[in-house]
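Working notes for the structure below.
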Amino acid sequence: MNKLAIIGGTGLSTMENLEIIRREIVQTPYGEPSAPLAYGKIGNCDVIFLPRHGYGHTLPPHKINYRANIHALKDAGATHVLAIAAVGGIHSDMGAKRIVLPDQIIDYTHSRINTYFEESLTHVTHIDFSYPYSEYVRNKIIAASKKLKIDIATKATYAATQGPRLETAAEIAKLEKDGCDIVGMTGMPEACLARELGLEYACLAVVANLAAGKSDEELTMEMIKANLKEGMENTQKIVAEVIAKM
Ligand code: HPA
């Protein structure tokens with residue numbers, strides 16, 4: 001049976017339409033996840049919710065224990081993961097508040113543990129990561145947004161950067177040359193760890209700001225939060241519709 005887990009990102013540490021039934025502190029062989037897992041319901045459907053940065057949004061992207069997070073969701077019985085993320089917009093189509101469903105990712109992070117396959121190996125494992133996001137979950141999201149008449153971008157390359165600082169204008173220009181459309185700090189290694197554990201994983205991103213050098217405005221957390229508020233409202237509607245259809 002399908003069981004959906006939602007990983008909430010910046011601007012979505014709690015979900016308004018999630019009725020929490022219980023919270024559970026869990027341990028994994030890789031340590032503790034970012035927060036206790038919340039088991040609950042959206043409508044009539046069971047979901048597991050995990051805020052990536054903790055309930056108080058205290059964990060910066062490079063300090064998140066991605067292995068523990070994904071392992072905890074797998075242990076809890078999740079089969080599918082819908083990861084919500086805040087991003088900066090690089091391509092001119094990716095304006096503030098836009099909801100984006102990336103289909104590709106380029107990993108620019110470093111010094112993050114990015115595999116479960118490193119100790120006690122009987123053989124070396126290389127997962128196929130040509131298409132990093134689950135087409136099944138992506139198609140459910142596309143169908144849900146069409147039904148709700150919420151316009152989303154369904155093709156985009158996500159640049160995963162190290163953070164926690166935002167990028168320089170020159171770095172964004174380089175990412176754009178590389179073919180990246182949006183930029184965020186948490187897309188990797190989350191996506192590849194989910195693939196290693198056989199979870200069907202997709203990311204739904206909300207553009208919080210135009211990336212560095214793409215606007216004359218100074219990038220502030222206040223601006224990011226204000227833009228996210230509106231985008232996250234529609235994102236939650238899409239999530240509820242996806243769950244109902246799974
Ligand atoms: N860069 C990286 N990550 C982000 C950004 C950004 O501009 N906005 C929100 N997350």
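Counting starts at 1 for both ligands and their atoms, following the listed order.
Near N209, meaning under 4.0 Å from any of its heavy atoms, are these atoms of ligand 1: 5 (C), 6 (C), 7 (O), 8 (N), 9 (C). Of all atoms in ligand 1, numbered sequentially from 1 with element shown, those under 4.0 Å from a heavy atom of G184 are 2 (C), 3 (N). Close approach of ligand 1 to A86 (heavy-atom distance below 4.0 Å) involves ligand atoms 9 (C), 10 (N).
Looking only at heavy atoms of the protein, atom 4 (C) of ligand 1 is closest to V183 O, 3.7 Å. Closest to atom 5 (C) of ligand 1 among all protein heavy atoms lies G88 N, 3.4 Å. For atom 1 (N) of ligand 1, the closest non-hydrogen atom on the protein side is E167 OE1, 2.7 Å.
Proximity of a side-chain donor or acceptor of Q104 to a complementary backbone N or O of S130 within less than 3.5 Å is detected.
When only modelled atom types and interatomic distance are considered, R138 and Y131 share no side-chain donor-acceptor pair under 3.5 Å.
Classified by interplanar angle (parallel below 30°, tilted 30° to 60°, perpendicular above 60°), the ring pair Y136/H80 is tilted.
Residues L175 and T161 form a side-chain contact, since some pair of their non-hydrogen atoms from C-beta on lies under 4.5 Å apart. D181 is not listed as a side-chain neighbour of I90, based on a closest heavy-atom distance of 4.5 Å or more.
Inclusion of T161 in the set of residues having an N or O under 3.5 Å from an N or O of ligand 1 is not warranted.
Closest heavy-atom contact between G231 and V206: CA-CG1, 3.7 Å.
Within the set L228, I90, L175, L166, the minimum heavy-atom distance to atom 6 (C) of ligand 1 is found for L166.
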